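What follows is a single structure, written as C-alpha cells, with notes after it.
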Amino acid sequence: MTDILVVGTGGREHALGWKLDQSPKVGKIYYAPGNGGTSNNVSIPVDDIDKLAKFASEKNCLTLVGPELPLSMGIVDEFQRKHLKIFGPTKDAAQLESSKIWAKNFMKRNKIQTARFEIFNDAKEAKEYAKSVDFPLVVKADGLAAGKGVIVCNTAQEAISAIDVILVKKAFGLAGSKIILEERIDGIEASYIALSDGSVVIPMATSQDHKRIYDDDKGPNTGGMGAYSPTPVINDSIAEKIQESIINKTVNSMKGEGIAFKGFLYAGIMLKDGEPYVLEFNVRMGDPECQPIMMRMESDLYDYLMASIEGNIATLPPILWKKQTAVCVVMASKGYPDSYPKNEEILGLNSRDESSFVFHAGTKRVDGKVVTNGGRVLGVTALGDTLESAIANAYSRVAKISWKSKYFRTDIGKKGLLHLS
Ligand code: AMP
Ligand code: GLY
C-alpha cells in the first residue's frame, strides 16, 4: 500500500483525498496543511517545497499537488530531482496557467481556438487600443492573481479603468506588469478537465462551475461558488471537438515543443454557436469542479494518477463514472471574495445522509469545534438520479448547516436545468 501526501487546503484537496481513501492500494493520507475536515494534517505551507520534500521522503509518500502555486514554483521538478514520486506538471508545463501571455502565444502558434488578443506593458498604448476597437474587452493580468486578475468589461471606459487598476495601480503586483486585452466572447461557459501522461490524454467527467458571487451570474468573479457534473452543456459531439481540437492538440503541441504535460489539464471553455473557445488553461483540478467529479468517479483514482506519472495511461480502460449527477454547493462567508469574518463556529456538520458529503475548505478545528477559516468554507456535494434531484439533495443538506455569516448561491445547477428545458 502507498501512503499519500495531498498538498493544499481546499475542498478540492479534501475531495481528492476522500476518493483516494477508498482505494485498496492506498494507505495513510496526509494533508499539508489540510483543513478542519481532513485528518493527518501536517503543518507545512503549500509553497515550502523543501519541507514538503523532506516529509514525503521520510514517509515514502506519493505526493499529489492540488493548487497551482507550488506547481508554478517547480515542486514537481524539485521532487523529481530528489527521486520522489509526485503527480502533476513540471514548472515549464505549468506555464499554461502561470503566464496567461505564454498560454495565449502557445495557442496562437498552435492554432488552438481562443479569443483574439493583444499584449501590453504600457498603459497609454493599452488605453489607445481599448479606445480603437469596436468589440467589448476582457483585461487580464499575465501572472497568478488568485483568480482575481481578470476584469470583464462592457465599455471602453471600463477597460481603461481596468488597465489603470492592473498596470498603473499595480493591484496584482508583478503578476500585472504585463496585461492581455482580449475580445470578450459571449456564450455558455463550462469546464473540461482531462488527465495526461505526457502523450495520451483521457477526459474526466464534464462539469460546469458558477464563477460569480451572486445568483444569475451577477457580481464579481470568485474561485467558484458551485459546480455540477455531468453538464448537458457539453454534449458528446462538443466533448469530442474539445478533446480533439483543444486537449489533444495542446498536449501534442507541448510535446512537440519539448514539454511533457503530465497531470490534470483543465480548459475553461466558452461555447459560442457550438464552437469551443479556450478562456484559460489550468494545470490542476478545478475547485469546486473536483468535488462532484470525484463523487461520480467509479474507477480507482490511484491507478490513474500512477499511470499519469509512469506514462502508461493507454494501458488502462476508460474511467467509469456513476450515471447519477453530482452537485456541489459552496457555502462561503459573507463578504467573500473580498474581506469576511473568520473563527465562527459551524453547526450542523454531523447530520448524515447517504447521498451527500460535506467537503471542507476554509475550516479549522479549535477545542473540538469546527470554525470558519476562509472565504469558501464548505462544498456540500450530493448525488441524485437527475440534475434536479441532485440539486434538491445538496440544498437539503445545506439547510442543516449554519454559522453566523454563511452565504451561498441558491441557483447552482439552474443553468443546466435551463439548458435541458
Ligand atoms: P480566466 O481566469 O481567464 O478564466 O477568467 C476568469 C473568468 O472571466 C472566466 O471564467 C470567464 O467567466 C471570464 N472571461 C475570461 N476571458 C473571457 C473572454 N474572453 N470572454 C468572456 N469572458 C471571459
Ligand atoms: N473553479 C475554477 C478553478 O478552479 O479555477
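Note that these values count all heavy atoms, side chains included, but never hydrogens, waters or copies made by symmetry. One-based numbering, in listed order, for ligands and for the atoms of each. Just so you know, these numbers come straight off a predicted model, no measurement behind them.
Under the 6.0 Å cut-off for aromatic ring centres, Tyr30 and Phe55 qualify, their centroids lying closer than that. For an aromatic pair to be called close, the ring centres must be under 6.0 Å apart, and Phe408 with His210 fails this.
Less than 4.0 angstrom separates some heavy atom of Arg284 from each of these atoms of ligand 2: 3 (C), 4 (O), 5 (O). Residue Val138 approaches ligand 1 through these ligand atoms, each under 4.0 Å from one of its heavy atoms: 16 (N), 17 (C), 18 (C), 19 (N), 20 (N). With ligand atoms numbered from 1 in the order given, ligand 2 contributes 2 (C) to contacts under 4.0 Å with heavy atoms of Lys211. Shown in contact with Gly286 at under 4.0 Å from a heavy atom are these atoms of ligand 2, numbered in order with element: 4 (O).
Contact between Arg212 and ligand 1 is absent, with no heavy atom of the residue lying under 4.0 Å from the ligand.
Scanning the protein for heavy atoms near atom 16 (N) of ligand 1, the closest one is Lys140 NZ, 3.0 Å.
The shortest N or O to N or O distance between Asp209 and ligand 2 is under 3.5 Å. Any N or O atom pair closer than 3.5 Å counts here, and Arg12 shares no such pair with ligand 2.
Taking each heavy atom of Gly36 and Arg365 in turn, the nearest pair found is O-NE, 2.8 Å.
Phe120 and Tyr129 have tilted rings, their planes meeting at an angle from 30° to 60° on a 0 to 90° scale.
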